Amino acid sequence: MLIRRPKSWEMPERRATPESLFLNRRALIKGAGAIAAASLVAGCDEMVTSARAQAGDDPSSGLYPFARNDRYQLDRSLTDEEVASTYNNFYEFGSHKRIYEAAQALPIRPWDIVIDGEVERVRTISFDDLIAQMPREERLYRHRCVEAWSMAVPWSGFPMRALVEFARPLGSAGYVRMETFHNPEIAPGQRQSWYPWPYVEGLTIAEATHDLAFLVTGVYGKPLKRQFGAPLRLALPWKYGFKSIKSIVRFTFTRERPVSFWTEIQGSEYGFWANVNPEVPHPRWSQATEEVLGTDERVPTLIYNGYGAEVASLYANIVGEELFR
Ligand code: MTE
């Protein structure tokens, strides 16, 4: 991915308070405050829920594990949970892979999701009300980052098609635009003003309603940890990982094609379609092989990350566009 160099007037990292210490202390103070407030305001459900989530007791944990849907099989071993949980891309919390500690500062309750744009009725729904109504299952998926590493994980969640049906888009909607939370106070990366926050991604309605498009609420049989994009993220196994937006707060149905975060930063390297193809190199590196996280292996990358039989027809009539970047 593109990593911008800090300007000369910015404080070098070594002179700043280590982010993890700073954020841990803030999280501790905030968590203690939330618990005290919750005990004072007896019966105030929202605060109790919020304090429990801060303390790591996710209010949706009783729903897990979800029944596995065996239609989704892997050709490789699952990535070790510890490895997948400590090597993440979440630029809101830093432009490196070890963001898991910093990400713990993200408050995940209350968590409201807005559904708007070209829909019958604009509405806001809490994450817990949404997950309660959705058809929940577990799927084993491969994940291929544009940076040429990959993992295989058991995602828990529900088909994105169910969300689209719930949203009731109008016939005029051709795309769905998704947006991540925006809160520079808790996400240090969002204080880096050269990035076009909030993180945005988009899909055509045909892609969003494809059987493989999966909205993720959990992983390894438990609610999502914050570093994976709690409480709600996307998994699109046939596309480069940057399309799988984390910590979603808004779904907007649009006529126009949305411009995503990475496309806005560097459109020649990160496009709208971003389908995996080993034969189309990134302008700065090869996409022919991938490093399998947690192993010493590099394996050949597959067209559409191995999901071509299912998804290639989505793109059969698209001409004159770069489908693989
Ligand atoms: N979503 C948000 N909001 N912010 C991000 O930085 N990174 C993307 C994607 N979704 C990102 C994001 C990239 S580049 C990848 S590869 C995956 O999240 C990484 O998911 P993982 O950390 O669960 O492996």
Side-chain angles (χ1 to χ4, degrees), residues 1-4 78-104 106 108 111 113 139 141-157 177-184 186-190 192 194-203 213-220 222-251 258 260-266 269-271 274-276 282 285 287 290-294 301 305 325:
M1 313 295 284
L2 180 91
I3 299 173
R4 303 236 169 154
L78 280 176
T79 304
D80 177 70
E81 180 176 358
E82 182 67 20
V83 171
S85 311
T86 52
Y87 189 90
N88 303 93
N89 270 333
F90 203 170
Y91 274 64
E92 286 81 347
F93 295 99
S95 51
H96 53 88
K97 301 289 177 283
R98 304 287 171 196
I99 53 74
Y100 58 93
E101 283 181 330
Q104 304 316 309
L106 177 65
I108 54 169
W111 191 274
I113 296 155
R139 297 182 180 187
Y141 271 5
R142 290 198 300 270
H143 173 96
R144 170 61 157 82
C145 180
V146 74
E147 296 162 340
W149 55 264
S150 69
M151 60 180 185
V153 283
W155 295 125
S156 304
R177 175 188 185 278
M178 292 151 286
E179 201 177 285
T180 296
F181 73 89
H182 188 211
N183 186 347
I186 55 106
Q190 292 183 333
Q192 298 179 311
W194 54 90
Y195 288 115
W197 305 111
Y199 200 98
V200 167
E201 259 307 335
L203 295 172
F214 198 55
L215 280 165
V216 171
T217 61
V219 69
Y220 297 99
K222 292 168 286 197
L224 268 188
K225 289 186 177 153
R226 288 164 174 78
Q227 59 266 38
F228 284 110
L232 184 68
R233 57 105 34 102
L234 188 59
L236 300 165
W238 72 100
K239 289 181 180 284
Y240 289 118
F242 67 87
K243 298 289 297 183
S244 292
I245 181 172
K246 296 180 166 184
S247 301
I248 304 169
V249 294
R250 183 182 290 264
F251 294 88
S260 70
F261 180 82
W262 285 108
T263 305
E264 198 171 330
I265 293 170
Q266 191 67 295
E269 300 190 356
Y270 310 105
N275 295 307
V276 175
H282 182 279
W285 58 84
Q287 296 290 22
E290 64 206 47
E291 178 196 341
V292 182
L293 282 193
T301 288
N305 199 24
R325 193 167 284 164

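The structure displayed is predicted, hence computed values, not measured ones. Side chains included, hydrogens not; waters and symmetry mates left out as well; all remaining heavy atoms used. By convention here, the first residue in the shown sequence is residue 1. Start at 1 and go down the list; that is how both ligands and their atoms are numbered.
- Only side-chain heavy atoms of T180 come within less than 4.0 Å of ligand 1; its backbone N, CA, C and O stay farther off.
- For E147, no heavy-atom contact with ligand 1 is shorter than 4.0 Å.
- The shortest separation from a heavy atom of G229 to ligand 1 is not under 4.0 Å, leaving the residue out of contact.
- Per-residue contacts place G241 under 4.0 angstrom from the following atoms of ligand 1 (heavy atoms of the residue considered): 8 (C), 9 (C), 13 (C), 15 (C), 16 (S), 17 (C), 18 (O).
- Side-chain atoms of K225 never come within 3.5 Å of backbone atoms of A103 as a donor-acceptor pair (strictly under, hydrogens ignored).
- With respect to the salt-bridge test (charged N to carboxylate O, under 4.0 angstrom), the residues E290 and R142 do not qualify.
- A donor-acceptor pair under 3.5 Å is formed between the side chain of N305 and the backbone N or O of P237.
- Evaluated by nearest non-hydrogen atom to atom 18 (O) of ligand 1, the leading choice among K246, Q227, E201 is K246.
- Within ligand 1, the atoms closer than 4.0 Å to a non-hydrogen atom of C145 are 16 (S), numbered from 1 in the order shown.
- Residue contact check: E92 has heavy atoms under 4.0 Å from atoms 2 (C), 3 (N), 4 (N), 5 (C), 6 (O) of ligand 1.
- Pairing each heavy atom of T79 with each of L293, the nearest pair is CG2-O, 3.9 Å.
- For ligand 1, the atoms sitting less than 4.0 Å from at least one non-hydrogen atom of N88 are 21 (P), 22 (O), 23 (O), numbered in the order shown with element in parentheses.
- Residue R233 has at least one nitrogen or oxygen atom sitting less than 3.5 Å from a nitrogen or oxygen atom of ligand 1, judged on distance alone.
- Residue contact check for ligand 1: K243 places no non-hydrogen atom closer than 4.0 Å to it.
- In the candidate list F181, Y199, F90, W149, Y199 is nearest to atom 8 (C) of ligand 1, counting heavy atoms.
- Judged purely by distance below 3.5 Å, without hydrogens or angles, the side chains of N89 and K97 pair a donor atom with an acceptor atom.
- Checked for salt-bridge contact, E92 and R226 miss the test: no charged N lies under 4.0 Å from a carboxylate O.
- Annotation for ligand 1: atoms under 4.0 Å from non-hydrogen atoms of Y91 are 5 (C), 6 (O).
- Within the 3.5 Å criterion, the main-chain N or O of V249 finds no donor-acceptor partner in the side chain of W111.
- A side chain to side chain donor-acceptor pair (under 3.5 Å) with W262 holds for exactly one of Y195, Y199, Y270; it is Y199.
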